[in-house]
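It should be emphasised that the depicted structure is a prediction, and the values quoted were computed from it without experimental measurement.
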Amino acid sequence: QVQLVESGGGLVQAGGSLRLSCVASGRTFSSYVEGWFRQAPGKEREFVASISWGGTSTYYADSVKGRFTISRDNAKNTVYLQMNLLKPEDTAVYYCAASGAMRPTSPTKYDYWGQGTQVTVSS
């Protein structure tokens, strides 16, 4: 089993940056693809980014390419999401998740979820 805890959310002005962290516990963490999702009020949860267990394969939603960077440090059991050039439309609750699937972008492919961290971007 894997337990995930996100942190690093907050309030930031448009154009600013935030770095989210997701700390995982569980012996199988290193074999999982890790992903970030977000959910804005009244909207479905959407894929943001994912990273393979080795950190060499990453995928991003078109809306965040060039602005967000996902990374992981397996020694610390931590996945990061560096968010730059933030826009008001990035406002959402951000969730990290773990999946055993290949290149998972659907939330249905993820087995474990954190509780979420709020990111609010003001205009």
Side-chain angles (χ1 to χ4, degrees):
Q1 289 189 306
V2 176
Q3 293 78 46
L4 307 172
V5 180
E6 306 97 332
S7 63
L11 175 64
V12 65
Q13 292 183 337
S17 299
L18 285 173
R19 189 193 194 197
L20 306 183
S21 298
C22 175
V23 179
S25 61
R27 294 182 59 83
T28 62
F29 173 73
S30 62
S31 66
Y32 281 81
V33 173
E34 301 297 316
W36 286 95
F37 290 77
R38 65 188 183 187
Q39 188 165 23
K43 303 218 173 188
E44 291 191 344
R45 193 165 299 185
E46 74 171 320
F47 171 78
V48 175
S50 67
I51 186 167
S52 63
W53 70 269
T56 58
S57 297
T58 58
Y59 297 95
Y60 297 93
D62 288 342
S63 59
V64 306
K65 283 182 179 178
R67 300 189 298 120
F68 291 10
T69 302
I70 188 171
S71 61
R72 68 190 297 168
D73 184 343
N74 289 343
K76 297 181 178 179
N77 291 331
T78 302
V79 177
Y80 304 96
L81 185 68
Q82 178 66 47
M83 305 185 294
N84 299 323
L85 299 171
L86 283 162
K87 305 174 181 179
E89 49 263 46
D90 295 319
T91 295
V93 177
Y94 283 70
Y95 300 88
C96 66
S99 174
M102 296 287 190
R103 196 182 176 183
T105 58
S106 170
T108 62
K109 300 295 183 68
Y110 285 79
D111 303 305
Y112 304 99
W113 294 84
Q115 63 185 15
T117 185
Q118 177 71 48
V119 172
T120 302
V121 184
S122 62
S123 60

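- Residues Glu34 and Arg72 are in side-chain contact: their nearest non-hydrogen atoms beyond the backbone lie under 4.5 Å apart.
- One finds a salt bridge joining Lys65 and Asp62 here, because a Lys/Arg side-chain nitrogen approaches an Asp/Glu carboxylate oxygen to under 4.0 Å.
- Atom CD of Glu46 sits about 5.0 Å away from atom OG of Ser63, to the nearest 0.5 Å.
- At least one side-chain heavy atom of Phe68 sits under 4.5 Å from a side-chain heavy atom of Val48.
- Judged purely by atom type and a 3.5 angstrom limit, Thr108 has no side-chain atom pairing as donor or acceptor with the backbone of Ser106.
- With hydrogens and angles disregarded, no donor-acceptor distance shorter than 3.5 Å links the side chain of Ser50 to the backbone of Gly35.
- Side-chain contact between Arg67 and Asp90 is present, with heavy atoms from C-beta onward closer than 4.5 Å.
- Ala92 approaches Arg38 most closely through the heavy-atom pair CB-CB, 3.7 Å.
- For the pair Tyr80/Ile51, no side-chain contact is recorded, criterion being any heavy-atom separation below 4.5 Å from C-beta on.
- Side-chain atoms of Thr78 do not come within 3.5 Å of backbone N or O of Asp73 as any donor-acceptor pair.
- Counting only heavy atoms from C-beta outward, the side chains of Tyr94 and Leu81 approach each other to under 4.5 Å.
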*Could you walk me through whether Tyr59 and Ile70 pass the side-chain contact (heavy atoms from CB on, under 4.5 Å) check?*
CA-CA 9 Å; Tyr59 297 95; Ile70 188 171; over 6 Å; no
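- Shortest non-hydrogen contact noted between Val93 and Gly116 is CG1-CA, 3.8 Å.
- Here the closest heavy-atom approach between residue Phe37 and residue Thr105 is recorded as CE2-O, 3.5 Å.
- Aromatic rings of Tyr112 and Tyr32 (six-membered ring for Trp) have centroids within the 6.0 Å cut-off, being under it.
- Cation-pi geometry between Arg45 and Tyr95 is satisfied (NZ or CZ under 6.0 Å from the ring centre, within 45° of the ring normal).
- Distance alone, capped at 3.5 Å, places no donor-acceptor pair between the Thr91 side chain and the Thr120 backbone.
- Of the possible polar contacts, none joining the Tyr110 side chain to the Cys96 backbone as a donor-acceptor pair under 3.5 Å is found.
- In terms of modelled atom types and a separation under 3.5 Å, the side chain of Glu6 and the main chain of Gln115 share a donor-acceptor contact.
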Table please: side-chain donor-acceptor pairs of residues 13-24 below 3.5 Å, with sequence neighbours left out.
residue : atom : partner : partner atom : Å
Ser17   : OG   : Asn84   : OD1          : 2.9

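- For Pro107 against Trp113, the heavy-atom pair with the smallest separation is O-CZ2, 3.4 Å.
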